[in-house]
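Reviewing the structure listed below.
Chain letters run A, B, ... following the sequence lines, proteins first, then strands; residues in each count from 1.
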There are 2 protein chains.
Amino acid sequence: MVQVKVGIIGLGAQGSAYAEFISAGKVKNMALGALCATSATKKEMAAEKFPGVPFYQDYTELLESGNIDAVIICTPHYLHPEMGIEAIKRDVHVLIEKPAGIYTKQVKELNEIAAAKPEIKVGILFNQRTNPLYQKVKEIIDNGEIGGIRRTNWMITTSWRPQGYYEQNEWRATWGGEGGGILVNQAPHQLDLFQWICGMPKKVYSNVKFGYQRNIAVEDDVTAVFDYGNGATGVFIACTHDVMGTDRFEILGDKGKIVVDDSKKVTIKRLYKSESEMSASLTQEEVANIFKHGYLGDIYKEEVLEFNSVWGGQHTAAMENFASSILEDTPLLAPCNDGINQVELANAMHLSTWLGKEVELPVDEELFLAELNKRISEENKYPIKK
Amino acid sequence: MVQVKVGIIGLGAQGSAYAEFISAGKVKNMALGALCATSATKKEMAAEKFPGVPFYQDYTELLESGNIDAVIICTPHYLHPEMGIEAIKRDVHVLIEKPAGIYTKQVKELNEIAAAKPEIKVGILFNQRTNPLYQKVKEIIDNGEIGGIRRTNWMITTSWRPQGYYEQNEWRATWGGEGGGILVNQAPHQLDLFQWICGMPKKVYSNVKFGYQRNIAVEDDVTAVFDYGNGATGVFIACTHDVMGTDRFEILGDKGKIVVDDSKKVTIKRLYKSESEMSASLTQEEVANIFKHGYLGDIYKEEVLEFNSVWGGQHTAAMENFASSILEDTPLLAPCNDGINQVELANAMHLSTWLGKEVELPVDEELFLAELNKRISEENKYPIKK
């Protein structure tokens with residue numbers, strides 16, 4: 001195999017864009033092998049835009065066509081795991097658009113089937129993991145440069161969505177059609193980066209608001225508190241109703257602090273001596289002196305790094321990583337096992353507010369599904385999930 | 001009365017400083033009438049520093065001496081309400097150092113007795129209410145310039161306290177001697193400003209850490225989520241173990257946003273059209289266009305105000321307000337009725353973590369006291385409280 005022949009399943013905004021990137025030769029080592037969408041309109045569009053590329057209305061036909069080595073799944077969220085599973089069963093490598101799924105139970109099934117076939121590459125399209133800024137932040141943390149984490153805090157309220165956005169499609173912002181609001185649509189990248197960089201919490205408390213500033217059934221506002229189980233805590237805040245949104249990510253460690261502003265500027269403060277040592281080694285006289293003069297002296301070095309904002313970009317880099325994992329066994333940037341963490345966080349945030357209490361992770365998958373199905377039943381528009 | 005003759009009860013760091021300000025003539029319309037402290041050492045110190053000023057070791061003697069019109073209470077926190085009550089009973093005006101008390105039950109008693117004697121002025125020394133920066137922020141909110149509040153967020157981790165600080169006195173950072181940690185000692189000013197500016201929440205959830213980074217019984221780390229009952233939420237974060245502390249206060253409203261950095265810089269963004277209107281009035285075509293081009297256009301006006309940092313200052317201004325309330329019936333900047341709100345917030349944060357769940361405000365005062373007494377009993381050093 002010199003190039004990976006890829007089939008795109010689902011030709012909405014994301015799927016169409018990926019098909020264009022690939023057919024225009026923008027993705028190294030990838031060729032467009034086939035397309036799939038259920039609607040006749042999409043079929044016409046495909047014939048016009050991608051002449052000669054085989055088109056299927058049934059995705060299993062595409063999987064079995066022999067025209068492709070791999071697929072990228074860009075269908076509605078709920079379908080991601082089951083389509084992923086069908087691809088793996090047919091020895092087709094698969095890259096799944098985020099989120100990996102809507103509830104952990106279905107993502108677990110996907111992961112189990114993937115684990116049984118390690119030769120088949122199964123990745124999640126967390127393209128922001130290719131963002132050099134977040135790679136740098138992760139590197140600093142992983143290297144222990146700011147010591148053990150004590151506090152994490154990400155306020156990311158930049159995903160403004162007016163009412164008209166939600167009214168574009170009937171499935172949007174419904175429990176049965178989309179499976180949630182900002183937690184499953186706009187915030188998955190940040191939830192994934194958050195846990196990729198800082199690790200998973202042990203407990204989550206949330207105060208999630210459903211239809212707070214928008215006429216929708218699902219959440220448009222999230223405040224969540226993480227407990228990492230070792231004393232460290234975190235806060236995650238997101239909403240779709242702040243038209244002048246804030247994007248500020250702070251990580252406090254024993255040896256320093258990182259602040260990321262607007263996903264562009266990283267300020268790193270590295271202490272010369274860890275905070276624990278500073279606290280323990282000061283004599284009472286020194287303490288009294290500090291409080292008298294209010295001056296601690298030169299205790300840290302500051303570094304400021306500026307990056308170009310690449311939110312929404314980096315899709316080709318993530319696809320190239322997928323191709324190279326197939327061709328050269330390069331590690332996947334976001335293997336499917338990692339995808340469940342973001343789903344776990346979103347589920348925990350929904351469940352905590354539904355139950356009105358803190359929840360432990362991993363969340364009770366059956367309880368989550370039952371609570372989700374309650375809301376799907378009340379909508380009376382979509383089938384309940386299994 | 002031309003000048004208010006003031007007695008200072010308690011001559012620790014704060015009480016001594018106030019005595020010096022007043023005796024040096026730095027507080028308009030106030031004269032030093034008497035001093036009170038229980039220890040013999042303080043008596044000697046007072047005789048040397050404030051010759052001729054009557055000194056009492058029993059505060060009721062001071063209250064009944066006829067040497068004073070008013071007192072400032074600077075004793076350990078637990079004593080504030082009962083000493084305040086004794087002063088009011090003797091028709092002595094009283095200014096109480098923050099906090100108003102440790103548990104709402106005792107502060108309520110103080111407030112009830114104060115309410116029965118409206119001619120006696122009873123204030124809380126929330127000197128930060130004289131800070132021009134916070135007065136400006138409150139004015140903007142009260143004027144409705146940023147519309148109804150949707151989110152509040154204050155991370156104030158600048159109160160660094162090394163281990164040696166806690167070891168200066170035996171009573172520090174104990175349940176029975178001090179009544180708590182950062183919530184009753186370092187953060188009361190911010191808790192008061194927070195509620196003064198943004199109002200009181202209806203519910204509070206907290207994740208408070210006791211002795212997390214310091215060898216103390218009480219809290220050195222606080223994360224709390226507020227629910228204002230109308231959909232709006234808030235977050236309050238404070239700790240004593242961040243030696244490069246953050247001070248960032250953000251308030252999001254329907255018509256704008258205020259961000260206060262380092263209690264020095266205020267950035268105000270005022271939307272030309274409220275967010276609700278913007279959301280409701282965009283057509284689907286306009287929405288599609290915004291998402292295609294990622295540009296909303298000129299939607300707000302930004303104003304940046306710079307202030308000198310005055311944390312820890314403004315004590316004389318607060319004392320002058322107290323004098324002028326006595327002499328000219330000027331409204332008190334922080335009447336004792338307001339003092340209970342900060343105590344309520346601190347109690348709610350303690351209680352939520354002790355119970356492991358969200359609590360409604362006002363907190364159950366008997367339950368809080370029982371939980372506090374549990375911890376005081378375990379220390380086995382101080383009497384339980386009533």
Side-chain angles (χ1 to χ4, degrees), chain A residues 150-151 153 155 157 160-165 167-168 203 205-207 209 212-214 221 223-227 231 233-235 237 239 241-244 246 248 250 252 254 256-257 259 269 271 275-276 278-288 290-291 294 296 299-300 312 356-358, chain B residues 150-151 153 155 157 160-165 167-168 203 205-207 209 212-214 221 223-227 231 233-235 237 239 241-244 246 248 250 252 254 256-257 259 269 271 275-276 278-288 290-291 294 296 299-300 312 356-358:
Chain A
R150 292 182 179 181
R151 182 189 311 291
N153 192 285
M155 186 193 282
T157 57
W160 188 67
R161 296 292 184 275
Q163 185 63 35
Y165 164 85
E167 288 166 5
Q168 288 176 317
K203 286 185 198 171
Y205 162 86
S206 73
N207 188 325
K209 300 296 180 191
Y212 168 42
Q213 293 292 336
R214 298 295 179 262
D221 191 290
T223 303
V225 177
F226 294 172
D227 191 310
T233 53
V235 168
I237 291 168
C239 76
H241 60 81
D242 185 351
V243 74
M244 304 171 294
T246 296
R248 187 181 184 281
E250 171 168 331
L252 171 67
D254 184 40
K257 181 181 273 191
V259 176
K269 292 180 182 174
L271 286 167
E275 197 280 333
S276 313
M278 288 181 69
S279 168
S281 64
L282 284 172
T283 64
Q284 287 195 18
E285 204 177 14
E286 287 169 322
V287 171
I290 287 168
F291 283 87
L296 263 165
I299 58 168
Y300 65 86
K357 62 179 189 184
E358 202 172 68
Chain B
R150 293 182 179 181
R151 182 188 311 290
N153 192 286
M155 186 193 282
T157 57
W160 188 67
R161 297 290 184 274
Q163 186 63 36
Y165 164 85
E167 288 165 7
Q168 287 176 317
K203 287 185 197 170
Y205 162 87
S206 74
N207 189 325
K209 300 295 180 191
Y212 168 42
Q213 292 293 335
R214 298 294 179 263
D221 191 289
T223 304
V225 177
F226 293 173
D227 191 310
T233 53
V235 168
I237 291 168
C239 76
H241 60 81
D242 184 352
V243 74
M244 304 171 293
T246 296
R248 187 181 184 281
E250 171 169 332
L252 171 67
D254 184 41
K257 182 182 272 191
V259 176
K269 291 179 182 173
L271 286 167
E275 197 280 334
S276 313
M278 287 181 70
S279 169
S281 63
L282 285 172
T283 63
Q284 288 196 18
E285 204 178 15
E286 287 168 323
V287 171
I290 288 167
F291 283 87
L296 263 164
I299 58 168
Y300 66 86
K357 62 178 191 186
E358 203 173 67

Could you work out, with side-chain hydrogen bond (donor to acceptor under 3.5 Å, both in side chains) as the rule, every residue matching E250(A), not counting sequence neighbours? R248(A), K257(A), T246(B)
Does S276(B) have any side-chain hydrogen bond (donor to acceptor under 3.5 Å, both in side chains) partners at least two apart in sequence or in another chain, and if so, which? R150(B), D254(B)
Approximate separation, where rounding is to 0.5 Å, of T233(A) OG1 and Y212(B) OH: 7.0 Å
Which pair of heavy atoms, one from [X] and one from [Y], lies closest together, and at what distance?
X       : Y       : value
F226(A) : N207(B) : O-ND2, 4.5 Å
V287(B) : P162(A) : CG2-CG, 3.7 Å
C239(B) : R151(A) : CB-NH2, 3.4 Å

Looking at chain A, which one of [options] has the largest number of heavy-atom pairs inside 4.5 Å, strictly under?
options                            : answer
G231(B), G234(B), G164(B), S281(B) : G231(B)
T223(B), L296(B), D242(B), L282(B) : D242(B)
I290(B), D221(B), T283(B)          : D221(B)
L271(B), T157(B), V259(B)          : L271(B)

Examine whether an atom of V243(B) lies under 4.5 Å from a heavy atom of chain A, and if so say whether it belongs to the side chain, the backbone or both; otherwise answer neither. both
Counting only non-hydrogen atoms closer than 4.5 Å, does E358(B) touch chain A with its backbone (N, CA, C, O), its side chain (CB onward), both, or neither? side chain
I'd like to verify something: which residue of S279(A), A288(A), G356(A) has the highest number of heavy-atom pairs under 4.5 Å with chain B? S279(A)
Among H241(A), K209(A), Q163(A), the residue with the most heavy-atom pairs under 4.5 Å to chain B is H241(A)
